[in-house]
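Any value given below was found using the heavy atoms of this structure, including those in side chains, with hydrogens, waters and symmetry copies removed. This is a predicted model, so every value here is computed, not measured.
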Amino acid sequence: MGYALSHNTAFDTVSVNTGFATKNIVARAIAERANLRFCSEDSLSISLDETTTRDDIAQLWSFFAESGRLVPQVAALEAGVAPLLPAALLRTSSFLTHPVFNTHHSETSMLRYIRRLSDFDLALDRSMIPLGSCTMKLNATSEMIPITWPEFAHIHPFAPASQRAGYTELDEQLRAWLCQATGYAGISLQPNAGSQGEYAGMLAIRAFHASRGESRRNICLIPSSAHGTNPASATMVGMKVVVTACDAQGNVDMADLKAKCEQHSANLAAIMITYPSTHGVFETSVKELCALVHNHGGRVYVDGANMNALVGLAAPGEFGGDVSHLNLHKTFCIPHGGGGPGVGPVCVVADLVPFLPGHAASSLPLPLGQGGGEGHAVSAVSAAPLGNAAVLPISWMYCRMMGADGLKAATEVAILSANYISARLASHFPTLYTSVPQDGKPGRVAHECILDLRPLKDTTGGALGISAEDVTKRLMDYGFHAPTLSFPVPGTLMVEPTESESLDELDRFINAMIAIRAEIARVERGEWPRDNNPLKNAPHTAAALLAEAWDRPYPREIAAFPVASLKQSKYWPPVGRIDNVYGDRNLFCSCVPVQPYIDH
Ligand SMILES: *Cc1c(COP(=O)(O)O)cnc(C)c1O
């Protein structure tokens with residue numbers, strides 16, 4: 001049609017030099033309900049995919065038909081068009097050869113395949129997943145349904161603002177609610193994970209110091225109990241991490257913190273704390289800690305991953321925090337597992353609002369201080385202006401259906417559940433860290449508890465004795481997903497029940513743990529060898545249990561059905577014990593068949 005492409009080769013996207021016609025072409029496209037990408041004043045870009053039809057192409061051409069230009073016919077052109085894909089890049093090897101890509105040709109067959117995969121899985125649809133620090137709570141169906149609606153699911157992240165008024169409203173409301181829940185003045189939903197929110201938050205702190213001529217401030221204090229993403233984020237923005245100590249009760253050691261603040265006063269940029277701490281305790285010195293760091297010119301980053309213990313009860317923006325991230329895939333119900341998609345909003349106090357991430361393509365209205373566009377102090381941290389926008393309706397639905405009272409009640413039940421587990425297990429698996437006991441009342445935990453299993457090694461035969469890992473494997477035989485293993489303290493289990501679990505399910509978990517403790521006692525008494533018992537051999541697969549030979553010092557019944565209720569409902573682990581650490585360190589391809597890969 002007389003237009004030139006601005007490139008010689010292409011895969012699925014072409015940019016067209018449209019000159020003075022650009023605005024008219026876009027206007028004609030919008031009138032026909034099509035969006036073309038404005039690249040510049042005189043060029044447009046078009047993306048096509050496998051769903052594009054010949055009619056779509058014909059329609060696209062019609063937008064470009066300025067006066068006098070002839071619209072070609074697809075059929076007439078087809079034979080003579082040279083491919084835009086360079087020959088050197090064309091694939092000649094075979095691909096997708098794994099049988100799974102060539103086996104399931106009907107919906108029934110596909111359904112059964114997926115069902116078989118899910119049968120392998122020990123997921124929330126079978127039992128609680130008590131992973132501490134991960135907040136594995138109910139992802140309610142009513143929260144999930146809206147994300148399947150095409151109005152939410154089928155909009156391009158760069159669609160013109162006039163076409164996404166609904167998303168703009170959702171963004172505004174959700175940010176307002178989250179500001180209320182955290183006590184902060186401004187918030188951006190752009191980061192795609194908690195760790196990315198940390199990164200955006202640390203960029204804000206860095207830019208704040210730079211704006212005041214204090215770029216030298218580059219020291220970030222981080223207590224030794226911190227989640228690994230904290231030092232990683234601080235390092236990524238160019239800060240130097242100084243680790244501060246925890247005391248015997250697991251709390252930030254205030255004397256050590258004071259000394260380090262004084263030592264680094266001139267260059268102090270920030271502290272990163274988690275509240276309640278990753279030790280699962282509300283540290284009573286948190287206000288004092290924030291004031292101390294502020295007095296030395298540093299800003300306070302409060303990791304918000306544990307907001308499930310705070311929402312409705314306390315707000316980091318009010319007790320001294322300057323910046324936090326939330327994990328909408330933890331506290332606010334977005335499904336969490338298999339790596340996402342997550343949303344890690346970054347929230348800040350008023351004087352840091354100008355340092356929230358911007359976006360070159362952002363034309364969203366920004367009433368709650370989401371960053372601006374180009375030239376902004378902190379640029380985009382995600383490709384799309386609103387990050388993983390398509391999953392935001394889940395958190396919106398959660399807040400809307402719960403209301404302020406419901407969110408507060410959820411927090412209270414989460415804390416109550418954790419304390420119930422901690423108290424009922426106290427004489428079997430003591431909780432490592434609690435608040436200080438007061439007036440004859442026992443110490444309490446926040447929304448999770450760390451069960452200390454380290455002494456069991458010694459009582460069951462030393463280094464080769466029963467470990468926390470053995471307990472996690474044995475829990476599979478009981479139908480439970482393991483709690484968090486060896487974080488933040490090696491050899492312990494961190495349990496977080498959340499508000500979603502009923503008293504029945506909490507008791508089922510507690511009873512399983514008590515039964516496992518009784519099994520450990522039999523090893524302690526020497527009834528079972530320390531290296532050949534139901535814990536060391538867990539998990540037990542159906543194949544192992546039904547094998548001709550059974551030479552173990554305990555009956556099959558104890559292996560498979562240690563509690564009677566399992567006879568009604570049993571999860572069969574698909575594989576026996578694997579060596580996790582060996583597997584992590586020795587990657588190999590598990591595709592079938594293996595031989596061609598070896599020959600290759
Ligand atoms: C989960 C978590 C993070 C990181 O969040 P992601 O969304 O996994 O990146 C940071 N800090 C703490 C304490 C966490 O539990």
Side-chain angles (χ1 to χ4, degrees), residues 131-134 194-195 198-199 201-202 205 218-237 239-265 267-294 296 298-306 309 316 319-325 327 430-436 443 445-455 468 483-496:
L131 284 172
S133 201
C134 285
S195 44
E198 286 176 41
Y199 173 67
M202 296 312 282
I205 291 177
N218 71 339
I219 299 291
C220 183
L221 303 177
I222 302 185
S224 58
S225 60
H227 192 274
T229 51
N230 290 181
S233 302
T235 305
M236 277 181 70
V237 305
M239 290 189 191
K240 249 186 77 190
V241 173
V242 173
V243 177
T244 74
C246 287
D247 65 19
Q249 284 79 47
N251 300 318
V252 174
D253 180 336
M254 289 300 285
D256 184 57
L257 180 66
K258 191 152 179 281
K260 295 215 161 100
C261 279
E262 279 161 13
Q263 185 190 344
H264 297 289
S265 189
N267 295 326
L268 186 62
I271 187 169
M272 295 183 88
I273 56 165
T274 303
Y275 197 79
S277 74
T278 17
H279 287 162
V281 176
F282 289 108
E283 290 176 51
T284 49
S285 59
V286 68
K287 280 187 169 171
E288 190 192 327
L289 179 156
C290 296
L292 174 64
V293 172
H294 286 152
H296 288 275
R299 305 305 300 254
V300 177
Y301 189 101
V302 180
D303 183 320
N306 288 345
F319 62 68
D322 297 304
V323 190
S324 288
H325 74 265
N327 303 66
T431 292
L432 182 56
Y433 298 121
T434 62
S435 60
V436 182
V445 296
H447 64 312
E448 57 195 2
C449 57
I450 299 177
L451 306 178
D452 192 2
L453 278 65
R454 294 170 302 179
T484 294
L485 171 64
S486 287
F487 173 83
V489 183
T492 63
L493 295 178
M494 182 154 66
V495 180
E496 180 183 353

Undergrad: What's the spacing between E262 CD and L257 CG if we round to 0.5 Å?
TA: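 One gets 10.0 Å once the value is rounded to the nearest 0.5 Å.
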Undergrad: So, the side chain of H296 versus the backbone of G298: is there a donor-acceptor pair under 3.5 Å, distance only?
TA: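 Checking the backbone N and O of G298 against the side chain of H296, no donor-acceptor pair under 3.5 Å is found.
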Undergrad: Can you tell me how far CD1 of I450 sits from OG of S277, rounded to the nearest 0.5 angstrom?
TA: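 One finds 7.5 Å between OG of S277 and CD1 of I450.
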Undergrad: Examine distances only and state if a side-chain atom of N306 and a backbone atom of P276 form a donor-acceptor pair shorter than 3.5 Å.
TA: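 It does hold such a pair.
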Undergrad: R454 vs L432, test: side-chain contact (heavy atoms from CB on, under 4.5 Å). Steps then yes/no.
TA: CA-CA 10 Å; R454 294 170 302 179; L432 182 56; 3.3 Å; yes
Undergrad: Short question: side chain of H279, backbone of Y433 - any donor-acceptor pair under 3.5 Å?
TA: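 Checked: no pair found.
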Undergrad: Indicate the atoms forming the closest heavy-atom contact of E496 with S133, along with that distance.
TA: OE1-N, 3.2 Å
Undergrad: What closest approach, in Å, do V302 and G321 show between heavy atoms, and which atom pair accounts for it?
TA: CG2-CA, 3.7 Å
Undergrad: Let me confirm one number: the OH-CD distance from Y301 to E198, rounded to the nearest 0.5 Å.
TA: 5.0 Å
Undergrad: Please check: side-chain N/O of T278 versus main-chain N/O of S225, any donor-acceptor pairing under 3.5 Å?
TA: yes
Undergrad: So, taking the atom named CG in L451 and the one named CE in M494, what distance separates them when rounded to the nearest 0.5 Å?
TA: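 Interatomic distance, L451 CG to M494 CE, rounded to 0.5 Å: 10.5 Å.
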Undergrad: Which residues pass the salt bridge (Lys or Arg N to Asp or Glu O under 4.0 Å) test with D253, not counting sequence neighbours?
TA: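 Salt bridge (Lys or Arg N to Asp or Glu O under 4.0 Å) check on D253 returns nothing, list empty.
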Undergrad: If the test is side-chain contact (heavy atoms from CB on, under 4.5 Å), which one of D256, I222, I271 qualifies with T244?
TA: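 For T244, the side-chain contact (heavy atoms from CB on, under 4.5 Å) test succeeds with only one of D256, I222, I271, which is D256.
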Undergrad: Could you grab the distance from atom OG of S285 to atom CE of M254, nearest 0.5 Å is fine?
TA: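 Interatomic distance, S285 OG to M254 CE, rounded to 0.5 Å: 5.0 Å.
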Undergrad: Determine the minimum heavy-atom distance between V241 and A234, stating which atoms define it.
TA: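 Closest heavy-atom pair between V241 and A234: CG2-CB, 3.9 Å.
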Undergrad: How close do C261 and V293 get, heavy atom to heavy atom, and via which atoms?
TA: SG-CG2, 4.2 Å
Undergrad: I'd like to know if the side chain of T274 and the backbone of D303 have a donor-acceptor N/O pair within less than 3.5 Å.
TA: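 Flag not set: sc T274 to bb D303 has no pair under 3.5 Å.
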Undergrad: Any chance you could lay out the side-chain contact (heavy atoms from CB on, under 4.5 Å) test for L292 and K258, step after step, and finish with the verdict?
TA: CA-CA 7 Å; L292 174 64; K258 191 152 179 281; 4.2 Å; yes
Undergrad: For a quick test of reading the model, state the closest non-hydrogen atom pair linking C220 to M272 and the distance between them.
TA: SG-CG, 3.7 Å
Undergrad: Where do T284 and S435 land on the side-chain contact (heavy atoms from CB on, under 4.5 Å) test, with the steps shown first?
TA: CA-CA 8 Å; T284 49; S435 60; over 6 Å; no
Undergrad: As an exercise, state the distance from CG of N267 to CE of M239, rounded to the nearest 0.5 Å.
TA: 11.5 Å
Undergrad: Measure centre to centre between the rings of Y199 and H325, then say whether the value is under 6.0 Å.
TA: no
Undergrad: Where is the tightest heavy-atom contact between C246 and S224, given as atom of each residue plus distance?
TA: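 Smallest heavy-atom distance, with atoms named: SG-OG, 3.5 Å.
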Undergrad: Please confirm whether the backbone N or O of S486 pairs with a side-chain atom of T492, one donor and one acceptor, at under 3.5 Å?
TA: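 No, because the side chain of T492 does not come within donor-acceptor range (under 3.5 Å) of the backbone of S486.
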